[in-house]
Amino acid sequence: MFSDNTIRPLDGVRVLELGNYIAAPTAGRMLADFGAEVIKVERPKTGDELRNWRLYSGDTSMLYRTINRNKKSIVLDLRTEEGRQLVLDLAAKCDILLENFRPGTLEKWGIGPDALNAANPDLVITRISAFGQTGPMSQRPGFAAVAEAAGGFRELVGDPDRPPVRVGVSIGDSIAGLYAAFGAVMALFQREAAKVAGTPGPSLPHRIIDVALNESILSMMESLIPDYLAYGIKRERVGGRMEGIAPSNAYICSDGDSIIIAGNGDAIFQRYMDTIGRPDLGADPDLSTNAGRWARRDELDTAIGQWTIQYSRDEALKILDAAGVPSGPINTAADICSDEQYAARNMIQQFTVDTGEAEPKQVGFPGIVPVIGGKSLPIRNVGPDLGEHTREVLETVLGKTPEQIDSIVNDTVGGLS
């Protein structure tokens, strides 16, 4: 395991997070995971609305605890002049600012890029919105569900004879958060490289990272657009399959569980068919390439399904693994919690958390990705209580006196727990 003095790549970087929900907080989580001091600004009384999403008991959801881990929570009222001035004061002491308000909101409050730049000419400003800061749709509100549809993703998810469906997580927000973290680190790298070279740093427009949810989704759509423009191909929903790749699907076993088998590689296909007792399919020259196998995908899936239904999940996976055919279980949360591979890489980390019951409970949280040094870095703390670090940040970052802090806290009615 790691010691408390684990070296993290972003140690010494300070981030001010004005985000709410999932997108900007995911970016903040990525930066915090690798050592950045992330100061999360939350509204009085309610805080980030994520505190109440999937809240089964207590006053703070495990979703909030997960996405806002390794951060500090402070409460400021951005509707007040004092709150907005404190944001500018904090920005002057930070390297990166994250926000995911509707475009124009920060400007309306007097804390837009120009004001932030005046407070800190080195600040990297990372902005996440539904459709970006510019363009005819920039002012439209929109959550990830809308962006996933606009970016082409939703059209491809589900079965062809049914309406499009949504995946079970906020994938659009999460991908945008990853891009935002990557963009922020790029701008920070450029800024620091200029300092080393003794040249002027990037100007304000080049320190503004503009992440749109719909564009983040579009960027993950592989060759959707070029295939359409080059060949007139209109991708359609194909259920558990992947367009143009076969055989790759989920198959039911005798115990009712399903497994994933991805035996679509040309070099794998023949031994895959030998393994399921269909060497005739493996030797068929028409099935030697993906194009040929895709044309006969229904035939292949039927043959594979007739084989898997004879075995339990574990039996089928053992046979496929021995033959070198890529396959795996469709894990539930319970499966993941007991999985030896995740445990070996410290990917489920235990914390004592208030769950609303009489006594705190040991709860596992997903580890930090990517791995550095052989195992997931240790999570320092799960998402903080509302306003838990207000006094600490005002004192250590802004140098406020106890009397000044008392005044700020008292003015932020109900801001602290």
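Both backbone and side-chain heavy atoms feed into the values below; hydrogens, waters and symmetry mates do not. As the structure is a prediction and not an experimental result, all values here were calculated from the model.
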Hey, does [Y] have a side-chain heavy atom less than 4.5 Å from the side chain of [X]?
X: I74; Y: L86; result: no
X: M242; Y: S248; result: no
X: P384; Y: Y64; result: yes
X: Y311; Y: L320; result: no
X: V87; Y: L78; result: yes
X: D48; Y: P25; result: yes
X: M221; Y: L156; result: yes
X: F269; Y: P247; result: yes

Decide if atom [atom1] of [X] counts as having more than 12 heavy atoms of other residues, nucleotides or ligands within a radius under 6.0 Å.
X: I252; atom1: CD1; answer: no
X: E340; atom1: CD; answer: no
X: K195; atom1: NZ; answer: yes
X: R140; atom1: CZ; answer: no
X: E359; atom1: CD; answer: no
X: D59; atom1: CG; answer: no

Could you tell me which non-hydrogen atom of [X] sits nearest to which non-hydrogen atom of [Y], and how far apart they are?
X: L123; Y: C94; answer: CD1-O, 3.6 Å
X: D33; Y: R8; answer: O-CD, 4.1 Å
X: V369; Y: M30; answer: O-CE, 4.2 Å
X: G19; Y: A24; answer: CA-CB, 3.8 Å
X: S376; Y: I368; answer: OG-N, 2.6 Å
X: V211; Y: A176; answer: CG1-O, 3.6 Å

With distance as the sole test, does [X] use its side chain to make a donor-acceptor pair with the main-chain N or O of [Y] at under 3.5 Å?
X: D339; Y: Q341; value: yes
X: H389; Y: S73; value: yes
X: R65; Y: T60; value: no
X: S223; Y: P226; value: no
X: R69; Y: G383; value: no
X: T308; Y: C253; value: no
X: R14; Y: E37; value: no
X: R29; Y: T26; value: no
X: R293; Y: A246; value: yes
X: N20; Y: F101; value: no

Item to complete: Could you name each residue pair satisfying side chain to side chain donor-acceptor pair (under 3.5 Å) that touches residues 88-101, not counting sequence neighbours?
Response: Q85-D89, D95-R191, E99-R127

Worksheet entry | With sequence neighbours excluded, residues passing side-chain contact (heavy atoms from CB on, under 4.5 Å) with R296 | L281, D284, D286, L287, E299

Calculate, to the nearest 0.5 Å, the distance between atoms [atom1] and [atom2] belonging to [X] and [Y] respectively.
X: I175; Y: L218; atom1: CD1; atom2: CG; value: 11.0 Å
X: E215; Y: D210; atom1: CD; atom2: CG; value: 7.0 Å
X: I217; Y: F153; atom1: CD1; atom2: CZ; value: 6.0 Å
X: M62; Y: L50; atom1: CE; atom2: CG; value: 11.5 Å
X: D77; Y: K45; atom1: CG; atom2: NZ; value: 9.5 Å
X: L18; Y: I111; atom1: CG; atom2: CD1; value: 6.0 Å

Fill in: Residue that, paired with T390, satisfies side-chain contact (heavy atoms from CB on, under 4.5 Å) out of V75, I408, I405, I39
V75

Practice prompt. May I have the step-by-step check of salt bridge (Lys or Arg N to Asp or Glu O under 4.0 Å) for R235 and D227, ending in yes or no?
Written response: CA-CA 9 Å; R235 292 274 301 276; D227 283 347; 5.2 Å; no

Item to complete: Show the numbers, then the answer: is there a side chain to side chain contact (heavy atoms under 4.5 Å, CB included) between V15 and L98?
Response: CA-CA 7 Å; V15 179; L98 302 171; 3.9 Å; yes

Worksheet item: Would R84 and E81 satisfy salt bridge (Lys or Arg N to Asp or Glu O under 4.0 Å), going step by step from the backbone distance to the final call?
Response: CA-CA 5 Å; R84 294 190 291 269; E81 184 67 33; 3.5 Å; yes

Any side-chain donor paired with an acceptor under 3.5 Å for [X] and [Y]?
X: D335; Y: T332; value: yes
X: Y179; Y: S219; value: yes
X: R51; Y: N68; value: no
X: Y272; Y: N264; value: no

Fill in: Partner residues of Y342 under the ring pair (Phe, Tyr, Trp, His ring centres under 6.0 Å) criterion, sequence neighbours left out
none

Fill in: Ring geometry between F365 and F351 (parallel below 30°, tilted from 30 to 60°, perpendicular above 60°)
perpendicular

Practice prompt. Please assess V382 against V363 for the test side chain to side chain contact (heavy atoms under 4.5 Å, CB included), listing each intermediate value before the final yes or no.
Written response: CA-CA 10 Å; V382 293; V363 177; over 6 Å; no

Practice prompt. Would you check, one step at a time, whether the test side chain to side chain contact (heavy atoms under 4.5 Å, CB included) holds for E388 with K72?
Written response: CA-CA 7 Å; E388 181 178 339; K72 296 178 178 179; over 6 Å; no

Worksheet item: Would N70 and V38 satisfy side chain to side chain contact (heavy atoms under 4.5 Å, CB included), going step by step from the backbone distance to the final call?
Response: CA-CA 8 Å; N70 294 329; V38 177; over 6 Å; no

